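Here it is, the structure in full.
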Protein chains: 2
Amino acid sequence: MNAASYLQLDRVIHERGRLAIMSLLAATTELPFTGIRDALEMTDGNVTTHLRTLQEAGYVAVTKSFQKGRPHTTVALTVTGRKAFQHHVDLLAQIVERARSGPSFEARVMSGGRLRPQS
Amino acid sequence: MNAASYLQLDRVIHERGRLAIMSLLAATTELPFTGIRDALEMTDGNVTTHLRTLQEAGYVAVTKSFQKGRPHTTVALTVTGRKAFQHHVDLLAQIVERARSGPSFEARVMSGGRLRPQS
DNA sequence: TCCGTCCACTTTGCAATACAAAGTAACTTC
DNA sequence: GAAGTTACTTTGTATTGCAAAGTGGACGGA
């Protein structure tokens, strides 16, 4: 429960756009490329690059096919992705809680001297 | 309660490092530069630049002085900053909630067609 | 009193990346 | 068969997160 637990925040997930995508995917099972783009009002290019980043991290599975001669891409969370997102959400929940509890123990701990662990 | 409400996420606050700083400040009243650096295990330069960004956004007030011949910098949230952070936290709370509720209405709404508002 | 070191920052340089405009490719409509 | 639409991907740019190096004042030893 260190204040520096923020370091655990996964940058791949934390970025605005990707947080939104992960959030959306977590609430469903699978979404088409266009569904993501339209729901989040993102540009096509933006969706593509974020999906690539998420895919490279192993957080989403991207399935490409042709339907009626058109490319059709669907995206789903992987098990890893769902776990990572869950963990991220837990960290955010901690931040939310601490922020809502207002000035607390940290005020007493922090105002004093150095706390740097064991550099 | 749109899925695209993620667009409201303030980039100045959302960035990992600054979210941590804001979070820390929200829990106290005022902190020294070194307190932030040590609590979050950040490099000096990192703290400086994030503080500048937050200051330029009007979210924190930075006070510089000399104490015992050493520079001494303290940081506190402004009223604007506290409000903005609160709003941000509320948005995060929404994401957390939705993520925890699992597959829900969005699954039904989204899997179908286009929803792009009125482009 | 000069030298080196420490502390508390700030400046600078680089590598990463978010974003949209432009490009591609297959189909459909006029 | 030309023009438009859909579903993406590639490319260029401008931003920015980050740490290494720099600054300046205080202090301790020789």
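Please read all numbers here as calculations on a predicted model, not as lab measurements.
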**Q.** Which nucleotide in C:dC7, C:dA26, C:dT10 has an atom nearest any side-chain atom of B:K64
**A.**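 From the listed options, C:dT10 comes nearest.
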
(Q) Please pick, from D:dC8, C:dA18, C:dC9, the nucleotide with the shortest atom-to-atom distance to any side-chain atom of A:H50. (A)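 Nearest listed nucleotide: C:dA18.
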
Q) Within less than 4.0 Å of OP1 or OP2 of D:dG17, is there a side-chain N or O belonging to B:N46? A)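 It does not, given that no N or O in the side chain of B:N46 lies less than 4.0 Å from OP1 or OP2 of D:dG17.
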
Q | Pairwise 5' ranking along DNA chain C for A:E15 and A:R70, keeping only the more 5' one | A |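 It is A:E15 whose nearest nucleotide is closer to the 5' end.
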
Q.
Under 4.0 Å from OP1 or OP2 of D:dC18: is there any side-chain N or O of B:T43 that close?
A.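 Answer is no, no contact under 4.0 Å.
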
Q) Rounded to the nearest Å, what distance is computed from the CZ atom of residue B:F33 to the C1' atom of nucleotide C:dC7? A)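 The distance from CZ of B:F33 to C1' of C:dC7 comes to 11 Å, rounded to the nearest Å.
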
Q) How close or far is atom C1' of C:dT12 from atom CZ of B:R52, stated in whole angstroms? A)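 Checked: the CZ to C1' distance equals 11 Å.
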
Q: Report the nucleotide, chosen from C:dA8, D:dT9, D:dG17, that has the shortest atom-to-atom distance to any side-chain atom of A:D44.
A: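 That would be D:dT9.
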
Q | Whole angstrom value for the distance that separates P of C:dA8 from CG of B:L31 | A |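 Taking CG of B:L31 and P of C:dA8, I get 15 Å after rounding.
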
Q.
Base, sugar-phosphate or nothing for A:G69? Non-hydrogen atoms, less than 4.0 Å.
A.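 Answer is sugar-phosphate: A:G69 comes under 4.0 Å of backbone atoms only.
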
(Q) In this structure, how many angstroms lie between the C1' atom of D:dG17 and the CG atom of A:D10, rounded? (A)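 To the nearest whole Å, that distance equals 16 Å.
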
Q. Taking the side chain as C-beta and beyond, is there a heavy-atom pair between A:V47 and A:L51 under 4.5 Å?
A.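 Result yes, sub-4.5 Å side-chain heavy-atom pair found.
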
Q. Over how many whole Å does the gap from A:E56 atom CD to C:dA16 atom P extend?
A.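 Between P of C:dA16 and CD of A:E56: 13 Å.
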
Q) Taking the side chain of A:P71 as its heavy atoms from C-beta onward, which of C:dT11, D:dA7, D:dT11 lies nearest to it? A)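 Looking only at heavy atoms from C-beta outward on A:P71, the closest nucleotide is D:dA7.
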
Q. Can you check whether A:R11 has a side-chain N or O nearer than 4.0 Å to OP1 or OP2 of D:dG17?
A.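 Answer no for this pair, as no side-chain N or O of A:R11 is under 4.0 Å from OP1 or OP2.
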
Q | Out of C:dA8, D:dC8, D:dT11, whichever nucleotide has its closest atom nearest the side chain of A:T73 | A |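 Nearest nucleotide to the side chain: D:dC8.
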
Q. Taking atom C1' of C:dA21 as reference, at what distance in whole Å does atom CE of A:M42 sit?
A.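 That distance rounds to 17 Å.
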
**Q.** Whole angstrom value for the distance that separates P of D:dC18 from CG of A:L7
**A.**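 To the nearest whole Å, that distance equals 10 Å.
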
**Q.** Side-chain donor-acceptor pair present, A:H50, A:R18, cut-off under 3.5 Å
**A.**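 Yes.
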
Q) Taking only side-chain nitrogens and oxygens of B:T48, does any of them come within less than 4.0 Å of OP1 or OP2 of C:dT10? A)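 Yes, such a contact exists.
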
Distance-only donor-acceptor pairs under 3.5 Å for side chains of residues 54-64 of chain B, two or more places apart:
residue, atom, partner, partner atom, Å
B:Y59, OH, B:D10, OD2, 2.6

Q | Closest to the A:T49 side chain, choosing from D:dT11, D:dC8, C:dT11 | A |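 Of all the options, the side chain of A:T49 is nearest to D:dT11.
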
Q.
Could you work out, with side chain to side chain donor-acceptor pair (under 3.5 Å) as the rule, every residue matching A:Q8, not counting sequence neighbours?
A.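 With neighbours one apart ignored, the set is A:H87.
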
Q. What is the distance, rounded to the nearest whole Å, between atom CG of A:L9 and atom P of D:dG17?
A.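 Whole-Å distance recorded here is 14 Å.
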
Q) Relative to the ring of A:H14, is the ring of B:H14 parallel (under 30°), tilted (30 to 60°) or perpendicular (over 60°)? A)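 Correct class here is parallel.
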
